[in-house]
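This report concerns only the one structure given below.
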Amino acid sequence: MGKKVAVVLAGCGVYDGSEIHESSAVLVHLSREGAQAEVYAPDVDQMHVVDHMKGQPTQEKRNVLVESARIARGNIKDLAKLDVKGLDALIIPGGFGVAKNLSTWATQGKNCIVSKEVEDILKAFHAAKKPIGLCCISPVLAAKIFPGCELTVGHDTECEKWPYAKTAETMKELGCKHVNKHVTEIHVDVKNKLVTTSAFMCNAPIHEIYDGIGKMVKEVVRLA
């Protein structure tokens, strides 16, 4: 039997949900590793809905679970039903939904609140010594919940290639160790069983982002 890995989504679309390419890459690489993905999302309203052509919020209302079901092709469960006992690992792809729907990082930065449901699940996997894979912006969840942990969101110096590098500095302010890594690399916090990669925190070709996520998934499955 392959490993059973929970994949937690935060909607559908980079600006208000889960990053679609990252989510898809996670699912493809899990399949390649012979692992079984179980997709979950919280049954809550999105913080807001963003028009992805204009990059502007709209007046529309959408539900995180219903939107995430688009990526999961309908095969998804309410996050409230996730049972850590029956699972071997957890992966949370990136996208602004992590910072808007799973936490308040988008509006409050290091003073954010992680949703209780998400915090409880992260702590449960951590307590059970089961690996957690995080990419793009989702390592901020671990930064907030596990002080002193080691993570990467890419590089800590802002430039055209690394437009979101200030995130690394904020994570350091939370007491985490940030490790600079290229987009195709991962960092493994052995003690906390956290595997992180930068993904779209880097302005890189999509195949490099895909490859970095592949390394993260491979290591998560190996550790499970």
Side-chain angles (χ1 to χ4, degrees), residues 8-11 13-23 25-26 46-48 50 52 55 57 64 90-115 118-119 122-123 126 132-189 192-206 208-213 215-217 219-220:
V8 174
L9 300 181
V14 57
Y15 299 127
D16 58 13
S18 287
E19 212 297 319
I20 294 168
H21 299 290
E22 291 180 22
S23 305
V26 165
Q46 291 183 188
M47 181 186 113
H48 62 188
V50 175
H52 278 57
V64 174
L90 167 68
I91 294 177
I92 306 180
F96 278 99
V98 171
K100 292 176 176 179
N101 306 327
L102 305 187
S103 73
T104 58
W105 183 275
T107 53
Q108 294 180 291
K110 68 178 181 181
N111 299 315
C112 76
I113 295 161
V114 177
S115 101
V118 174
E119 180 170 354
L122 279 160
K123 284 180 172 174
H126 185 259
I132 298 167
L134 304 162
C135 63
C136 192
I137 192 66
S138 69
V140 301
L141 301 173
K144 188 69 184 174
I145 296 168
F146 308 122
C149 66
E150 298 176 7
L151 303 161
T152 190
V153 287
H155 281 231
D156 56 8
T157 307
E158 204 167 295
C159 61
E160 190 180 350
K161 187 168 187 177
W162 297 100
Y164 308 107
K166 284 195 174 79
T167 304
E169 290 302 321
T170 311
M171 288 160 79
K172 288 180 197 171
E173 288 169 22
L174 284 167
C176 298
K177 181 183 177 187
H178 181 268
V179 183
N180 283 349
K181 293 282 182 180
H182 184 59
V183 67
T184 56
E185 297 177 317
I186 61 173
H187 181 70
V188 183
D189 179 339
N192 290 297
K193 283 201 168 180
L194 295 171
V195 186
T196 49
T197 191
S198 60
F200 277 104
M201 296 297 267
C202 184
N203 192 4
I206 194 166
E208 291 187 6
I209 287 152
Y210 185 90
D211 291 347
I213 290 171
K215 286 181 187 168
M216 176 196 74
V217 168
E219 185 62 15
V220 166

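On a predicted model such as this, the values are computed, not experimentally measured, just so you know. Along the sequence shown, residues carry numbers from 1.
The shortest non-hydrogen separation linking A199 to E22 is CB-OE2, 3.4 Å. For the residue pair T184 and K215, the shortest heavy atom distance occurs at O-NZ, 2.9 Å. A10 and V64 get closest at one heavy-atom pair: C-CG1, 3.5 Å. Heavy atoms only, all atoms of each residue included: C112 and K144 are closest at O-CE, 2.9 Å. The two residues A142 and L151 have their closest heavy-atom pair at CB-CD2, 4.0 Å. For the residue pair H48 and D16, the shortest heavy atom distance occurs at O-CB, 3.6 Å.
Note that CG of L134 and CG of L90 are 7.0 Å apart. Values are rounded to the nearest 0.5 Å. Distance check, rounded to the nearest 0.5 Å: NZ of K177 to CG of D189 gives 9.5 Å. With rounding to the nearest 0.5 angstrom, the CD1 atom of I145 is 11.0 Å from the CG atom of L174. Going from atom OG of S23 over to atom CD1 of I92 covers 11.0 Å, rounded to the nearest 0.5 Å. Separation of atoms CG (L194) and SG (C149) is listed at 5.5 Å; rounding is to 0.5 Å. Note that the NE2 atom of H182 and the OG1 atom of T152 stand 11.5 Å from one another [nearest 0.5 Å].
In the displayed structure, Y210 atom OH is contacted under 6.0 Å by more than 12 heavy atoms of other residues, nucleotides or ligands.
Of the options N180, T170, T167, a side chain to side chain donor-acceptor pair (under 3.5 Å) to D156 is made by N180 and by none of the others.
A donor-acceptor pair is defined here as one N or O able to donate and one able to accept, closer than 3.5 Å; no such pair exists between the side chain of H178 and the backbone of E169. With T104 contributing its side chain and I113 its backbone, the two residues share a donor-acceptor pair below 3.5 Å.
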**OP:** Give the C-alpha distance, both sets of side-chain angles, the deciding distance and a yes or no for side chain to side chain contact (heavy atoms under 4.5 Å, CB included) between I132 and K193.
**Re:** CA-CA 6 Å; I132 298 167; K193 283 201 168 180; over 6 Å; no
Subject >> Candidate pair M216 and T196, rule side chain to side chain contact (heavy atoms under 4.5 Å, CB included), full reasoning >> reply: CA-CA 6 Å; M216 176 196 74; T196 49; over 6 Å; no
Subject >> Step-by-step side chain to side chain contact (heavy atoms under 4.5 Å, CB included) determination, W105 to V114 >> reply: CA-CA 8 Å; W105 183 275; V114 177; over 6 Å; no
**OP:** For V118 and S103, run side chain to side chain contact (heavy atoms under 4.5 Å, CB included): C-alpha distance rounded to whole Å, both residues' side-chain angles, the deciding distance at 0.1 Å, then the answer.
**Re:** CA-CA 8 Å; V118 174; S103 73; over 6 Å; no
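The shortest side-chain heavy-atom distance between P139 and M171 falls under the 4.5 Å cut-off. Counting only heavy atoms from C-beta outward, the side chains of T197 and E219 never approach each other to under 4.5 Å. Residues H21 and I209 have side chains not in contact (no heavy-atom distance under 4.5 Å, counting atoms from C-beta outward).
Below 30°, between 30° and 60°, or above 60°: for Y164 and F96 the angle between ring planes is above 60°, a perpendicular geometry. Ring-plane geometry between H52 and Y15 is classed as tilted, the angle between the planes lying from 30 to 60 degrees on a 0 to 90 degree scale.
Taking the charged nitrogens against the carboxylate oxygens, E158 and K166 do have a contact shorter than 4.0 Å, which makes a salt bridge.
Side-chain contact, H126 with N192: a donor N or O sits under 3.5 Å from an acceptor N or O.
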